[in-house]
Structures are given as structure tokens and as C-alpha cells.
Amino acid sequence: MTVHNIYIFDRLGTLLYYQEWNRSKHSGITRDEEAKLMYGMIFSLKSFVNKISPTDTKEGFLFYKTSKYTLHYLETPSGLKFILNTDNHSQGVRDLLHQIYKEIFVEYVVKNPLCSLSQPIQSELFKTKLDAYIKQSSVYMTKSM
């Protein structure tokens, strides 16, 4: 199982944080352009899922899967959006996203008076804790293994 990258957006679509681990192919565009495309795609997918669903969905859009990777999505009640790209064999990613929000984001961003929730995350402690948390998870594995 492999984690490729994570995006964290605020409720207005501002990219608050991006990090990659085992990403072998890059898009060839700037990170800002890629983030705008990602947010636009998520916005469109959420809208599509909500409109086309034959039943009333509480969760709405949770993930999509291609032949090469799976995109996992978590939106908090305050509108924060966590997007984690993994390989197709990863299990328990929804719980991992909940834990990243609860144990890393809330603890090291929300409770940090030096962090603004509308600005990109600059906290080295957050970055270090998130990196360590991802690397110790069952979802993470390096390419060399």
C-alpha cells in the first residue's frame, strides 16, 4: 500500500497544505494550478454525486478509484477538505483521514494561536507530526519495498 500525496483546502478552496510521499508522476503544471484543478474537480464531483444520487446521501462523495490510484475525500463540518491519494490496495483510509484531522490538524493548527485558518500552514511542528503519522500508518509504504 502506498500514499502518494495529501491536499488540505479551506472551505473557500484555498490550498492550506500539500505534501507528497511516493508520487512518481508529476502533472507538469505549477502546484497552484494543480491545486485549482483538484479543488474544481472535487467541487464538481460533490455536486454531481449530490444531484444524481437516487437516495438522500448523508456522506455524499467519499472517494473515486481509477486503474492506478484512489482519491479519498473527507470534508469536515467547518468545510475543510482533506484529499489523500493512495494506491488501489489501501484500506482504512477514511479512518486515517479522520485521525489526521482530529489528532494532527486540530492539535497543531487549530489550537496553535500562531496559525491562521485562512492561510497556508507554515507550522513545522504540524508538518513533522503529519509526516510521521502518515509514515507510521498501515497505508504508507515506500516504493523500494
Side-chain angles (χ1 to χ4, degrees), residues 1-50 53 57-145:
M1 297 180 280
T2 303
V3 173
H4 299 297
N5 55 12
I6 190 169
Y7 297 84
I8 302 174
F9 292 98
D10 71 4
R11 64 184 181 84
L12 301 175
T14 302
L15 180 64
L16 299 178
Y17 188 72
Y18 174 83
Q19 186 172 347
E20 57 189 50
W21 289 274
N22 298 306
R23 184 177 179 181
S24 58
K25 182 181 182 294
H26 293 276
S27 62
I29 58 177
T30 67
R31 174 136 335 129
D32 287 340
E33 290 171 330
E34 184 177 312
K36 287 177 186 176
L37 284 173
M38 179 61 74
Y39 186 81
M41 181 189 66
I42 294 298
F43 183 86
S44 297
L45 281 171
K46 279 183 45 189
S47 176
F48 176 77
V49 167
N50 288 333
S53 175
T57 58
K58 288 184 178 183
E59 293 286 334
F61 172 67
L62 301 176
F63 71 93
Y64 76 76
K65 188 176 194 175
T66 72
S67 62
K68 300 288 183 186
Y69 72 96
T70 303
L71 179 144
H72 305 270
Y73 177 73
L74 171 71
E75 185 169 348
T76 68
S78 62
L80 290 168
K81 294 154 184 65
F82 290 77
I83 299 162
L84 189 69
N85 289 309
T86 68
D87 70 357
N88 288 333
H89 305 291
S90 297
Q91 301 284 323
V93 179
R94 184 115 179 114
D95 291 335
L96 178 68
L97 283 172
H98 277 286
Q99 295 304 317
I100 289 170
Y101 171 64
K102 185 172 74 173
E103 295 178 19
I104 308 295
F105 188 83
V106 170
E107 290 299 318
Y108 299 104
V109 176
V110 174
K111 292 181 179 180
N112 183 343
L114 300 176
C115 289
S116 169
L117 296 180
S118 61
Q119 296 294 316
I121 299 167
Q122 302 297 324
S123 169
E124 288 301 320
L125 185 57
F126 169 80
K127 293 174 185 180
T128 303
K129 294 290 185 178
L130 177 61
D131 187 58
Y133 196 80
I134 290 289
K135 286 180 178 176
Q136 65 86 27
S137 75
S138 63
V139 177
Y140 181 82
M141 182 172 68
T142 61
K143 289 284 187 188
S144 62
M145 293 182 151

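Remember, predicted model here, so these are calculated numbers, not experimental data.
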Engineer: Working to the nearest 0.5 Å, report the span between CG of Leu96 and NE2 of His98.
Structural biologist: 10.5 Å

Engineer: Partners of Gln19 by side chain to side chain contact (heavy atoms under 4.5 Å, CB included), sequence neighbours excluded?
Structural biologist: Ile6, Tyr17, Trp21, Leu130, Asp131

Engineer: Scan for salt bridge (charged side-chain N to carboxylate O under 4.0 Å, His left out) pairs involving residues 28-44, sequence neighbours excluded, and state none if there are none.
Structural biologist: Arg23-Glu34

Engineer: Report the distance from atom CG of Asp87 to atom NE2 of His4, rounding to the nearest 0.5 Å.
Structural biologist: 5.5 Å

Engineer: To the nearest 0.5 Å, how far apart are CG in Leu71 and OH in Tyr7?
Structural biologist: 8.5 Å

Engineer: Is there a side-chain contact (heavy atoms from CB on, under 4.5 Å) between Ile83 and Met41? Walk through the geometry before answering.
Structural biologist: CA-CA 12 Å; Ile83 299 162; Met41 181 189 66; over 6 Å; no

Engineer: Tell me, please, which residues at least two apart from Lys68 pass side chain to side chain donor-acceptor pair (under 3.5 Å).
Structural biologist: none

Engineer: Between Gln136 (side chain) and Tyr133 (backbone), is there a donor-acceptor pair under 3.5 Å?
Structural biologist: yes

Engineer: Near Phe48 CZ, under 6.0 Å, is it more than 12 heavy atoms from other residues, nucleotides or ligands?
Structural biologist: no

Engineer: For side-chain contact (heavy atoms from CB on, under 4.5 Å), just list the numbers for Leu16 and Val109, CA-CA rounded to whole Å, side-chain angles, deciding distance to a tenth of an Å, and then say yes or no.
Structural biologist: CA-CA 11 Å; Leu16 299 178; Val109 176; over 6 Å; no

Engineer: Considering only distance and modelled atom types, tabulate donor-acceptor pairs under 3.5 Å from the side chains of residues 8-15, sequence neighbours left out.
Structural biologist:
{"unit_1": "Asp10", "atom_1": "OD1", "unit_2": "Leu12", "atom_2": "N", "d": "2.9"}
{"unit_1": "Asp10", "atom_1": "OD1", "unit_2": "Gly13", "atom_2": "N", "d": "2.9"}
{"unit_1": "Asp10", "atom_1": "OD1", "unit_2": "Thr14", "atom_2": "N", "d": "2.8"}
{"unit_1": "Asp10", "atom_1": "OD2", "unit_2": "Thr14", "atom_2": "OG1", "d": "3.4"}

Engineer: Can you pull the side chain to side chain donor-acceptor pair (under 3.5 Å) pairs that have at least one residue in residues 112-122, sequence neighbours excluded?
Structural biologist: Ser116-Ser118

Engineer: Rounded to the nearest 0.5 Å, how far does OG1 of Thr86 lie from OH of Tyr69?
Structural biologist: 10.5 Å

Engineer: Does Lys46 have any side chain to side chain donor-acceptor pair (under 3.5 Å) partners at least two apart in sequence or in another chain, and if so, which?
Structural biologist: Glu75

Engineer: Using the rule ring pair (Phe, Tyr, Trp, His ring centres under 6.0 Å), only one of Tyr73, Phe105, Tyr18 pairs with Phe82; which is it?
Structural biologist: Phe105

Engineer: Going by side chain to side chain donor-acceptor pair (under 3.5 Å), name the residues that satisfy it together with Tyr39, two or more places apart in sequence or in a different chain.
Structural biologist: none

Engineer: Once salt bridge (charged side-chain N to carboxylate O under 4.0 Å, His left out) is applied, what residue pairs with a partner in residues 110-121 remain, sequence neighbours excluded?
Structural biologist: Glu107-Lys111

Engineer: Side-chain contact test, heavy atoms from C-beta onward, threshold under 4.5 Å: evaluate it for Leu62 versus Val49 and give yes or no.
Structural biologist: no

Engineer: Roughly how far apart are Leu74 CG and Leu84 CG, rounded to 0.5 Å?
Structural biologist: 10.5 Å

Engineer: Quick one: side chain to side chain donor-acceptor pair (under 3.5 Å) partners of Ser44, sequence neighbours excluded?
Structural biologist: none

Engineer: When you look at NZ of Lys129, are more than 12 heavy atoms from neighbouring residues, nucleotides or ligands closer to it than 6.0 Å?
Structural biologist: no

Engineer: What is the distance from atom CZ of Phe61 to atom NZ of Lys81, rounded to the nearest 0.5 Å?
Structural biologist: 12.0 Å

Engineer: I'd like to check the side chain to side chain contact (heavy atoms under 4.5 Å, CB included) partners of Lys65; sequence neighbours left out, ordered by chain and number.
Structural biologist: Thr70, Asn88

